[in-house]
Amino acid sequence: MQGFDDAALTQDAFLGGQVQLLQPKQGYRAGVDPVLLAAAVPARPGDRVLELGCGGGPGLLCLAARVPGLELTGVELQADYADLARRNAALNAVEMTVVEADLAELPMDLRQQQFDQVIANPPYYRAGAHSPAQDVGRQIALGGATELSVWFDTAARRLSHKGYLHMIQRADRLPEMLGACLGRLGSLEVLPLAARVGRSAELVLLRARKGGRAGFKLHAPLILHDGEAHLCDAESYRPDIRAVLRDGCALPWPR
């Protein structure tokens with residue numbers, strides 16, 4: 001396996017330095033989205049966690065920094081990023097199994113496993129629906145060819161009874177997400193993420209439960225930044241969001 005050359009990587013600190021992440025200088029680089037996703041998961045020590053499309057591993061590693069004793073498995077289509085996830089796990093002294101595979105065609109041993117938690121940050125755009133990226137890895141991360149319904153089908157099959165799926169995705173794909181849950185997952189909750197008060201939500205966090213029977217919940221938007229506009233170069237995250245991003249706290253999920 002070729003993997004990324006060290007000269008092509010940067011080492012970046014997440015969660016105030018609790019997680020160190022090797023990332024390509026050119027290619028897909030993680031932002032706050034996988035951090036918010038990991039922070040939303042109500043995992044407990046001993047839970048088995050699967051991430052579909054784990055990339056270089058930021059989601060699983062941020063979750064592991066908050067909740068000790070998890071059994072972590074990541075699935076990643078791109079060989080270079082699967083290798084990077086393994087390197088990042090070693091860098092952070094975290095035990096994590098990374099499987100290089102298409103999530104629509106998982107290897108048999110993985111198809112025989114069940115998980116308490118499944119997390120996913122699928123490509124935000126349908127294939128061909130966004131501006132082309134020069135880097136192949138970033139191109140696939142932005143707009144994969146796998147239908148969103150396949151992500152949900154795979155997640156539902158791998159979840160144990162009463163297990164949870166958490167997914168972060170663009171708000172304009174919410175109808176597609178809800179439709180993909182029909183017959184597969186229940187107890188649906190949607191938490192919109194809005195940059196500022198009065199702004200439309202660009203992203204949503206979806207929580208769904210296998211075998212769940214609770215009614216649908218559409219929560220009030222979670223506001224990420226203070227103020228109505230960004231007025232200076234300094235970051236403007238609200239204190240509760242800063243605690244998630246800098247200190248590794250759990251995301252304040254509404255009751």
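Bear in mind the structure is a predicted one, so any value in this text is a computation, not a measurement.
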Pro175: which residues meet the side chain to side chain contact (heavy atoms under 4.5 Å, CB included) condition with it, sequence neighbours left out?
none

Could you tell me whether Arg44 atom CZ has more than 12 heavy atoms of other residues or ligands within 6.0 Å of it?
no

Whether the side chain of Ser160 engages the backbone of Gln114 through a donor-acceptor N/O pair (distance < 3.5 Å, no angle test) should be reported.
no

Which atom of Arg87 lies closest to which atom of Phe4, heavy atoms considered
NH1-O, 3.4 Å

Contact summary for Lys25 and Ala7, nearest pair of heavy atoms:
NZ-O, 2.9 Å

Is the side chain of Asp83 donor-acceptor paired with the backbone N or O of Ala79 at a distance under 3.5 Å, no angle test?
no

Hey, is the main chain of Val49 close enough, under 3.5 Å, to the side chain of Gln117 for a donor-acceptor pair?
no

For Arg238 against Asp226, the heavy-atom pair lying closest together:
CG-OD1, 3.3 Å

Donor-acceptor pair, side chain of Gln18 and main chain of Asp247, under 3.5 angstrom
yes

Checking Lys217 side chain against Pro254 main chain: does a donor-acceptor pair fall under 3.5 Å?
no

Are Arg242 and Tyr237 in a cation-pi contact, defined as NZ or CZ under 6.0 Å from the six-membered ring centre and within 45° of the axis?
no

Just distance, no hydrogens or angles: give the donor-acceptor pairs under 3.5 Å from side chains in residues 31-40, sequence neighbours left out.
{"from": "Asp33", "atom 1": "OD2", "to": "Tyr124", "atom 2": "OH", "distance (Å)": "2.7"}

Residues clustering with Val197 (ILVMFWY side chains joined when closer than 4.5 Å, directly or via others)
Ile223

Answer yes if the side chains of Thr10 and Arg29 hold a donor-acceptor pair under 3.5 Å, and no otherwise.
yes

Arg184: partners by side-chain hydrogen bond (donor to acceptor under 3.5 Å, both in side chains), with sequence neighbours left out
Asp153

Determine yes or no for a side-chain-to-main-chain donor-acceptor pair under 3.5 angstrom, with Glu147 supplying the side chain and Ser149 the backbone.
no

Looking at Arg213 and Ser187, would you say the former's side chain and the latter's main chain have a donor-acceptor pair under 3.5 Å?
no

Which atoms form the tightest heavy-atom contact between Ala89 and Leu61, and what is the distance?
CA-CD2, 4.0 Å

Minimum heavy-atom separation for Leu148 and Gln169, please, with both atom names.
CD1-NE2, 3.9 Å

Please determine whether the number of non-hydrogen atoms from other residues, nucleotides or ligands lying under 6.0 Å from atom CD of Gln11 exceeds 12.
yes

Residue pair Arg196 / Ser236, side-chain donor-acceptor N/O under 3.5 Å:
yes

side-chain hydrogen bond (donor to acceptor under 3.5 Å, both in side chains) partners of Asp102, counting only residues at least two apart:
none

Partner residues of Glu176 under the salt bridge (charged side-chain N to carboxylate O under 4.0 Å, His left out) criterion, sequence neighbours left out
Arg126, Arg173

Between Arg207 (side chain) and Val190 (backbone), is there a donor-acceptor pair under 3.5 Å?
no

Contact summary for Ala82 and Glu100, nearest pair of heavy atoms
CB-CB, 4.2 Å

Is the backbone of Leu15 close enough, under 3.5 Å, to the side chain of Arg246 for a donor and an acceptor to pair up by distance?
no

Between the side chain of Arg209 and the main-chain N/O of Gly186, is any donor-acceptor distance below 3.5 Å?
no

